Amino acid sequence: MLNSVFEKKYTVHVISHTHWDREWYRTQQQFRMSLVRTVDTVLEYIRDNPGFRCFLLDGQSILIDDYLAVRPEKREEIRNCVAERRLFIGPWYTQPDEFLVSAESLIRNLQLGIRTARSYGRTMRLGWIPDTFGHISQLPQILNEFGIRAAALTRGIGNELPEPRIEFLWRSPDGSEVLVLHQMQGYFSAGLLAFPFFWGDVSNIAPSAKRAAERVSQLLDSLKQAASGPNLVLWNGADHMPPEPGIAETIDELNDISRDYHFVHSDVETLAEAVRASDPELPVVKGELRGSRYHPLLYSILSTRTYLKQRNSRIQRLLERYAEPISALASIVPPQDLSPGAVARYRYPAAELREAWKLLLQNHGHDSIGGCSIDQVHREMITRFDQSEQIASRIAFESLKHLSEVLDTSWAPNDAPMCVCFNPVDRPTRRVVQHEFRLARPLAEPVVALDHDGNAWPAQLLSCEQHSHGWLDRDTTVAGCIGNLPWWQEVLKRMDELDIADFELETSATTDLVLRIYLSDYGGIETGVLGRLAEALQLHDRSARVALRASYVHHKIAFAAPLDAVSYTAYAIVSSREKADPAVVSAMTDTVAVQSRNATHSLLFSGGVIDVEAGGSLRLTTPSGTVYTGLGQIVDQGDGGDTYDFSPVGPERALVLEDEVVVDVLQAGPVKACLEVRYESRLPAWLEAERDRRSLATVNLPVRMQVSVEAGSEVVRIRTAIGNTVSDHRMRAVFPCLPADAPRAPGGSEPTLWVDSPFSIQRRELSPQGVEDWEQKPSSIQPHLSWVGLGDESSAVAVVADGLHEHEIIDTPTGKACALTLLRSVGWLSRGDLSSREGQAGPMIATPEAQCIGDGAFEYAFRVFQSEHELRQNVQSLTDTFVVPLTVATENTPERRAEEARKATTAYDRRQCSYISLHDTGFILTACTKAANAHDLMVVRFFNSRDERVTERLQLAPFITGCNRAHLSEDPIERLRIEEGSVSVTAEPFQIVTLLLRHARR
Ligand SMILES: [Zn+2]
């Protein structure tokens, strides 16, 4: 050998990999056909070719699940390859978008990915995120917490590094760091080295070492400039590609030819270790990565097919804030709370929850939740959303039903309908509880909600409607009724959770008898009703004809009550103030109301007065007289873009109204007040064929906006329903951040912009920091997880949204405003003629369903603060805007009350339970669930949302007996001492804290 390894200056790690979008321009099953062939080929290479050292299967272990589902006989072979470090899998379960999913979704993705990979041998210890569209600031901390100290990524780099670098340290706001292998030339740059193109079918082409040498020389020339030490890397792979044919031989030939480089078939773990071992001086990059200097960031995937993002947001919340904590609590309520029967009945649904998460995480792939795939892919996502939601909502309902059975309700009035309410919010709060239930007859107003301490909380009947129960309605005979009564009762209970509560038996002119049956959620209140009904029927001839008609009255009520943190408690709904102490009821302040004058309606609430303006926007007058106008104005603009990027066509304009805005009062207080604002707008129907202007043809687009306020809250909630009839456009709701009459000195200070992001509160620049000559020009279209806040020292406005993750700070005649994207309609997966991006981002396939034609409803809210500082101190309340109490009806039978009276005195208060409670120190709860790996432990997780070290005393439920601080991996760090029912936790700025809690055995 002419050139010994030791004389060569650089080691070049050739890393064979594939990036596998599980679904994108083909469906999951279509791509799986080639996945199976690809993995077959990988196993063949590993088996037959010792020189082919290893292969990286895109860092997501679901691919092995997908493969083994059709090749179960390969399980052992996979295990061996993984254990011997020849096939690298994990740590992710899927390759998620980091900005469009919740903090916990990212954790569950890694937990499940690592668990799955380990079940197949071992997990890769590197955060492989080659294609993801930008990166959150907390990813280094998240990876560190799973024992991962390096990552490889392509997109997101902007001006953080003055010079191009292929290695740097990336630091989270808490100080955690990962070594980043920056795929500056792209994760695909050294694909098919010895072939004429980097991606495609090369089965009929012979590899050429000469060609490889030329490619490599070009790549390495610029890599050398960007390297910190003697290790260079060639990313030998591309999307959906098998290993390069003959790559091991090509590497041998390159070593023979090259003077300066020693080529090795390597893996990313070895590469990261080699970089560290060379002890280079690495630049440090802090915070989120959202630049597009070297690679497009594809800014508007944030708003493509918003219907997917909305579904995702709701199901994440359902799993994280309801199904998980309620089912965990149901499985650990202390022993004295449970009758033996109840213990036997409840089994913690660990596998069911995991299944719901798996279905949801499959939708988190960057091309899936990004909305930038073909229509069929997104149709299949809807089914996964449906299934995940069905599991999660059933678990939440059944678990809360179980908790309701172990609560002591003996304090309640004898015949009162009751509900059990679960509050997921992490600190004591005053919230409006909504409860829906069915009664035999209408409840008479006024209504109050009684708690176990005898307090009466004001309640409001939102609706009260009689429904007939079609299944039971029939024409039969007396004998038919008597024989079937027990069966009917069973079916009603099992299928509809309804009981027979009461009946009336009348003689009639047309038939012999009319039997009216009244159904209720609280049938047990009238016990013995079936016996009395049978007796009444037996007074008649057995062959007499009976017309059976069943009905119930559906009630929807709202009441405002103080709720403990992460708690469940019961309320009785009573329809007369005689049963409540009038003094307590009248003590209620901060009610809401509607004031109607000259056919206009205003909402009155603790945040001030809301009026509807002529153009359909809102005006807020605060209690101190400050006026904000134009709030929530809906604007529209043509969009010549694709599923990746918005491309403006024409100016953005407020909707032109066809007629006057109609305002109706839907609810008038005292607990909830709601106005409905309706209008029609006339808009250009589509883009003309040249795509440079909107059509002259117009269509009507109806808008129906429900604006509501609730007792004890300064938040204004908006639900906007739009029947979208327009193609190729974008609709946004605009919120000016300054009062209408604020003095604006030229050159005065700019407002500050805050947004939330997984495990973080980010301060962002108002306009993009990049330069025009970036690979994609920088955009001010930016993500938030649930809210955006904009303000200065004298005022601030926060906009909160449910599953709407895109905003832009824009200039309006009255200053800076936040524009929240509701809807973006585009008809192409990718196009090459955008003004916001050069070239294609994927195949040019028509996606008519990305036009989002049809009905959509968008939920968002706003709240005004006195300053940006006040906003910053209240971010937890913003995060929880759409986290509302959950209720189920609970029975209140004389039997149950007698039973409860017998065991009324126990060491523990069985009338309520608060599991864990935070104060206003800036901690924000993200999880309260069973530990993934030890079901006898609970996990609670929160993060410090403040940019300072914080110590919090967490209040714990009395049956919690042990507390360990742990990593996200659930490996314990240290034991914390519980003193007088609380535990003290200190967290660095933005540090994530995981606690493992142990309970008294039952
Ligand atoms: Zn991808």
Side-chain angles (χ1 to χ4, degrees), residues 313-314 317 321 423-434 460 462 558-563 589-594 602-612 617-624 626 628 631-632 666-667 669-677 705-720 733-737 739 754-756 784-791 795-804 807 818 820 857-868 870-885 920 924:
S313 169
R314 280 164 206 168
R317 190 163 62 235
R321 308 306 293 273
N423 174 37
V425 175
D426 56 15
R427 59 206 73 195
T429 175
R430 177 99 192 259
R431 290 301 260 242
V432 167
V433 181
Q434 286 199 29
Q460 178 184 344
L462 299 177
F559 58 94
L563 301 170
T589 54
D590 61 27
T591 53
V592 295
V594 172
S602 309
L603 292 172
L604 312 184
F605 72 121
S606 58
V609 181
I610 290 283
D611 292 295
V612 181
S617 56
L618 305 175
R619 161 205 270 280
L620 168 69
T621 310
T622 68
S624 62
T626 311
Y628 292 79
L631 292 162
L666 294 192
Q667 283 141 13
V671 176
K672 192 170 174 177
C674 179
L675 299 180
E676 183 169 84
V677 181
M705 191 164 93
Q706 291 177 359
V707 185
S708 59
V709 290
E710 294 181 350
S713 169
E714 290 175 28
V715 175
V716 180
R717 291 162 191 273
I718 302 173
R719 181 182 190 277
T720 299
V734 176
F735 292 86
C737 81
W754 295 96
V755 304
D756 71 337
H784 56 267
L785 196 55
S786 61
W787 59 265
V788 189
L790 193 61
S795 81
V797 173
V799 179
V800 195
D802 186 15
L804 304 168
H807 70 268
C818 169
L820 174 74
F858 308 93
E859 295 199 32
Y860 46 102
F862 69 91
R863 182 179 164 186
V864 165
F865 294 92
Q866 288 182 359
S867 68
E868 171 234 336
E870 193 197 1
L871 181 152
R872 193 67 189 78
Q873 294 298 307
N874 283 282
V875 293
Q876 182 273 340
S877 68
L878 296 177
T879 306
D880 277 346
T881 299
F882 293 97
V883 178
V884 296
D920 284 326
I924 295 181

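Any value given below was found using the heavy atoms of this structure, including those in side chains, with hydrogens, waters and symmetry copies removed. Note that the structure is predicted; figures quoted are calculated from it, not measured.
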Handout entry: Test side chain to side chain donor-acceptor pair (under 3.5 Å) applied to Ser313 and Asp802, step by step
Key = CA-CA 7 Å; Ser313 169; Asp802 186 15; 2.6 Å; yes
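At most 12 heavy atoms of other shown residues, nucleotides or ligands fall within 6.0 angstrom of atom CD in Gln866.
Within the model, atoms CD of Glu710 and CZ of Phe605 stand 11.5 Å from one another, a figure rounded to the nearest 0.5 Å. Residue Leu785 holds its CG atom at 12.5 Å from CG of Leu878, rounded to the nearest 0.5 Å. To the nearest 0.5 angstrom, Leu871 atom CG is 10.5 Å from Ser795 atom OG. Taken to the nearest 0.5 Å, the CG atom of Leu804 stands 9.5 Å off from the OG1 atom of Thr720.
Using a 4.5 Å heavy-atom threshold, the side chains of Thr591 and Val671 count as separate. Looking at heavy atoms from C-beta onward, Val716 lies in side-chain contact with Val707 at the 4.5 angstrom threshold. For the pair Ile718/Met705, a side-chain contact is recorded, criterion being any heavy-atom separation below 4.5 Å from C-beta on. Between Leu563 and Pro885 there is a side-chain heavy-atom pair separated by less than 4.5 Å. Residues Arg430 and Asp590 are in side-chain contact: their nearest non-hydrogen atoms beyond the backbone lie under 4.5 Å apart. Using a 4.5 Å cut-off on side-chain heavy atoms (C-beta onward), Leu620 and Val609 make no contact. Thr622 has its side chain within reach of Tyr628: a pair of non-hydrogen atoms, C-beta onward, lies under 4.5 Å apart. Contact of the Thr881 side chain with the Arg863 side chain is not registered, since no non-hydrogen atoms from C-beta on lie closer than 4.5 Å.
Side chain of Gln667 to main chain of Leu462: no donor-acceptor pair is present (N/O by atom type, distance under 3.5 Å, no hydrogens or angles). A distance-only check finds a donor-acceptor pair linking the side chain of Ser606 to the backbone of Ser713 [under 3.5 Å]. Side chain of Glu870 to main chain of Phe865: no donor-acceptor pair is present (N/O by atom type, distance under 3.5 Å, no hydrogens or angles). For Thr879 (side chain) and Val875 (main-chain N/O), a donor-acceptor pair under 3.5 Å exists by modelled atom type. Of the possible donor and acceptor atoms, none in the side chain of Arg872 sits under 3.5 Å from a partner among the backbone N and O of Trp754. With hydrogens and angles ignored, the 3.5 Å screen pairs no side-chain donor or acceptor of Gln876 with any backbone N or O of Ile924.
Residues satisfying the side-chain hydrogen bond (donor to acceptor under 3.5 Å, both in side chains) test with Ser786, not counting sequence neighbours, are Asp756. Remark: Arg719 engages Glu859 in a salt bridge (Lys or Arg N to Asp or Glu O under 4.0 Å) (not counting sequence neighbours).
Between Phe735 and Phe862, the ring-plane angle classifies as tilted under the 30° and 60° cut-offs.
Applying salt bridge (charged side-chain N to carboxylate O under 4.0 Å, His left out) to Asp880 and the options Arg431, Arg321, Arg427 leaves one that passes, Arg321.
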